[in-house]
Asker: 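What follows is a structure written as structure tokens; I'll ask about it next.
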Amino acid sequence: MLVDWFAHDPMTYVWGNMMMYYVPGDKWKHLSPDVFVVRGVPKDKYRKYYLTWEEGKAPDLVVEITSQSTRKEDLQKKMRLYRDVLKVSEYFLFDPEGEYLTPRLQGYRLKETQYVAIEPVDGRLPSEVTSLHFEADGTDLRLWDPASGKRLLNRQERAETAEERAETAEERAETAEERAETAEAERQKTEAENAELRREIEALRRQREGSA
């Protein structure tokens, strides 16, 4: 959804599960955010890895999906790294099953040198980086656009919407075809009636000429 949200912005890169290195020459200094957003770097550049010193900046936003095996790292090691080293402006954590985090969706914004919890707005966590609000919906993490007052569609929903539009277009085409067929039938009927009328007039004319 974030990739699609920034699809028309050539200078916002959105990706995830990519190895990110942050110390030149030290291959051990790396991590792999589940989702990250970087404003101000070109999206059309091919990247096998994300090297912060080459790109000129670290991510502006990171989302981590928390599990039993990652909860301590997400809340401790990664949080310190995002806050103190990479200076990530916004850090979101989501526990789909609600088993390891309370609340299961958490967001933090960097204020000077500390992460401050993001206050919910109507049950959602606003992101200044994306201008969207994050919300938990069942086991899904969804995005809300406060400007339109609507959720962003995920890919399944967009596919369903596209299918519905295609079906509607097909139904309209079928209706138009039916109307055209009806109009053609009416035209043929009218032509036949006109031809019959012409024959009757011609027969009357000949009958009158014979009588004369």
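Just so you know, residue 1 is the first one in the sequence shown, and it goes up from there.
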Asker: Got Phe134 and Leu105 here, is their nearest side-chain heavy-atom distance under 4.5 Å?
Answerer: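 Contact flag for Phe134/Leu105 side chains = yes.
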
Asker: I'd like to check Leu75 versus Leu101 (side-chain heavy atoms, cut-off strictly below 4.5 Å). Are they in contact?
Answerer: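 Leu75 vs Leu101: side chains touch.
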
Asker: Measuring only between side-chain heavy atoms, which start at C-beta, is Glu128 closer than 4.5 Å to Ser89?
Answerer: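 Counting from C-beta outward, Glu128 and Ser89 never come under 4.5 Å.
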
Asker: Okay, side chain of Ser127, backbone of Thr130: is any donor-acceptor separation there less than 3.5 Å?
Answerer: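 Between the backbone of Thr130 and the side chain of Ser127 there is a qualifying donor-acceptor contact (under 3.5 Å).
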
Asker: Are any of the side-chain nitrogens in Arg158 or Asp4 under 4.0 Å away from the carboxylate oxygens of its partner?
Answerer: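 Looking at Arg158 and Asp4, the cut-off is met.
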
Asker: Provide the closest heavy-atom pair for Met20 versus Pro33 in the form atom of the first, atom of the second, distance.
Answerer: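 The answer is CE-CG, 4.0 Å.
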
Asker: Inspect the contact between Asp84 and Lys87 and indicate whether a charged nitrogen and a carboxylate oxygen are less than 4.0 angstrom apart.
Answerer: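 Here Lys87 does not pair with Asp84 in a salt bridge, since their nearest N and O are not under 4.0 Å apart.
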
Asker: Just wondering, are more than 12 heavy atoms of other shown residues or ligands nearer than 6.0 Å to NZ in Lys57?
Answerer: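 Count over threshold, so yes.
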
Asker: Can you see which heavy atom on Asp95 is nearest to which on Thr66, and at what distance?
Answerer: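 Looking at all heavy atoms of both residues, the closest pair is OD1-O, 3.9 Å.
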
Asker: Return the OH to OG1 distance between Tyr100 and Thr70, rounded to the nearest 0.5 Å.
Answerer: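 Reported to 0.5 Å precision, the distance equals 9.0 Å.
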
Asker: Counting distance only, does the side-chain N/O of Asp34 pair as donor-acceptor with the main-chain N or O of Ile65 below 3.5 Å?
Answerer: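 Yes, Asp34 side chain to Ile65 backbone: donor-acceptor pair under 3.5 Å.
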
Asker: With side chains defined as the heavy atoms from C-beta onward, is the minimum distance between Asn154 and Arg142 less than 4.5 Å?
Answerer: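 Yes. Closest side-chain heavy atoms under 4.5 Å.
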
Asker: Under the side chain to side chain donor-acceptor pair (under 3.5 Å) definition, can you give me all pairs with a residue in residues 107-126, not counting sequence neighbours?
Answerer: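 Qualifying pairs, neighbours excluded: Glu90-Arg109, Gln106-Tyr108, Arg124-Glu135.
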
Asker: Could you walk me through whether Met79 and Tyr91 pass the side chain to side chain contact (heavy atoms under 4.5 Å, CB included) check?
Answerer: CA-CA 8 Å; Met79 180 174 277; Tyr91 180 37; 3.9 Å; yes

Asker: Might you point out which heavy atoms bring Val88 and Leu110 nearest each other, and give the distance in Å?
Answerer: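 Smallest interatomic distance, heavy atoms only, reads O-CB, 3.8 Å.
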
Asker: Just grab all the side chain to side chain donor-acceptor pair (under 3.5 Å) pairs involving residues 13-24, residues at least two apart or on different chains.
Answerer: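 Qualifying pairs: none.
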
Asker: Determine, using the 4.5 Å side-chain heavy-atom cutoff (strictly less than), whether Leu141 and Leu93 are members of one ILVMFWY cluster.
Answerer: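 No, because Leu141 and Leu93 fall into different hydrophobic clusters, even though each may have its own neighbours under 4.5 Å.
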
Asker: Give, for atom CD of Gln68 and atom CZ of Arg71, the distance between the pair rounded to the nearest 0.5 Å.
Answerer: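 So the gap between those two atoms works out to 6.0 Å.
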
Asker: So how far is it from Leu81 CG to Gln76 CD, rounded to the nearest 0.5 Å?
Answerer: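 Interatomic distance, Leu81 CG to Gln76 CD, rounded to 0.5 Å: 13.5 Å.
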
Asker: Is there a side-chain contact between Leu86 and Leu31, using heavy atoms and a 4.5 Å cut-off?
Answerer: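 Yes. Closest side-chain heavy atoms under 4.5 Å.
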
Asker: Between CD of Glu97 and OG of Ser67, what distance do you get to the nearest 0.5 Å?
Answerer: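 Reported to 0.5 Å precision, the distance equals 11.0 Å.
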
Asker: Give a yes or no on whether Ile118 and Val62 share a hydrophobic cluster (residues Ile, Leu, Val, Met, Phe, Trp, Tyr; joining criterion: side-chain heavy atoms under 4.5 Å apart).
Answerer: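 No; Val62 is not reachable from Ile118 via cluster members.
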
Asker: Run the ring pair (Phe, Tyr, Trp, His ring centres under 6.0 Å) test on Phe36 and Tyr50 for me, step by step, so that the C-alpha distance in whole Å, both residues' side-chain angles and the decisive distance to 0.1 Å come before the verdict.
Answerer: CA-CA 11 Å; Phe36 63 93; Tyr50 191 93; 5.6 Å; yes

Asker: Whether Arg151 and Asp137 form a salt bridge (side-chain N of Lys/Arg under 4.0 Å from carboxylate O of Asp/Glu) is what I want to check.
Answerer: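 Salt bridge present between Asp137 and Arg151.
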
Asker: So does Glu55 pair up with Lys45, basic N to acidic O under 4.0 Å?
Answerer: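 A salt bridge links Glu55 with Lys45.
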
Asker: Please give me the minimum heavy-atom distance between Leu61 and Phe92, naming the atom from each residue.
Answerer: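 That closest heavy-atom pairing would be CD1-CE1, 3.7 Å.
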
Asker: Hydrophobic clustering (ILVMFWY, side-chain heavy atoms < 4.5 Å, transitive) - are Val3 and Phe94 grouped together?
Answerer: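 The answer is yes; both residues are in one hydrophobic cluster.
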
Asker: Return yes if some donor-acceptor pair links the side-chain N/O of Asp145 with the main-chain N/O of Ala147 below 3.5 Å, else return no.
Answerer: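 Flag set: sc Asp145 to bb Ala147 pair under 3.5 Å.
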
Asker: I would like to know whether Asp9 and Arg39 meet salt bridge (charged side-chain N to carboxylate O under 4.0 Å, His left out); could you show each step before the answer?
Answerer: CA-CA 9 Å; Asp9 184 347; Arg39 307 298 303 268; 3.4 Å; yes

Asker: May I ask you to say whether Glu184 pairs ionically with Arg187, meaning some side-chain N is under 4.0 Å from a carboxylate O?
Answerer: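 A salt bridge is present here (some side-chain N lies under 4.0 Å from a carboxylate O).
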
Asker: Given side chains that start at C-beta, do those of Thr12 and Val38 come closer than 4.5 Å, heavy atoms only?
Answerer: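 Thr12 does not reach Val38 side chain to side chain.
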
Asker: Please say yes or no: joined through hydrophobic side-chain contacts below 4.5 Å, possibly via intermediate residues, are Val121 and Leu125 part of one cluster?
Answerer: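 No, separate clusters.
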
Asker: Report yes if the side chains of Asp60 and Val37 come closer than 4.5 Å at any heavy-atom pair, otherwise no.
Answerer: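 Counting from C-beta outward, Asp60 and Val37 never come under 4.5 Å.
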
Asker: Can you name the closest pair of heavy atoms from Phe6 and Val14 and give their distance?
Answerer: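 That would be CD1-CG2, 3.8 Å.
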
Asker: When rounded to the nearest 0.5 angstrom, what is the spacing between OG in Ser32 and NZ in Lys78?
Answerer: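 Rounded to the nearest 0.5 Å, the OG-NZ separation comes out at 7.0 Å.
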
Asker: Rounded to the nearest 0.5 Å, how far does NZ of Lys43 lie from NE2 of His8?
Answerer: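 His8 atom NE2 to Lys43 atom NZ measures 9.0 Å (nearest 0.5 Å).
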
Asker: Can you name the nearest heavy-atom pair linking Met1 to Leu153, along with the distance?
Answerer: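 Here Met1 and Leu153 meet closest at CG-O, 3.6 Å.
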
Asker: I'd like to know if Met19 and Trp53 are part of one continuous hydrophobic network [Ile/Leu/Val/Met/Phe/Trp/Tyr, side-chain heavy atoms within less than 4.5 Å].
Answerer: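 Trp53 and Met19: one cluster.
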
Asker: List the steps and the verdict of side chain to side chain contact (heavy atoms under 4.5 Å, CB included) for Lys150 and Trp144.
Answerer: CA-CA 6 Å; Lys150 296 179 180 179; Trp144 173 273; 5.5 Å; no

Asker: In the structure I gave you, are the side-chain heavy atoms of Met18 and Arg47 within less than 4.5 Å of one another anywhere?
Answerer: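 Yes; the side chains approach each other to less than 4.5 Å.
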
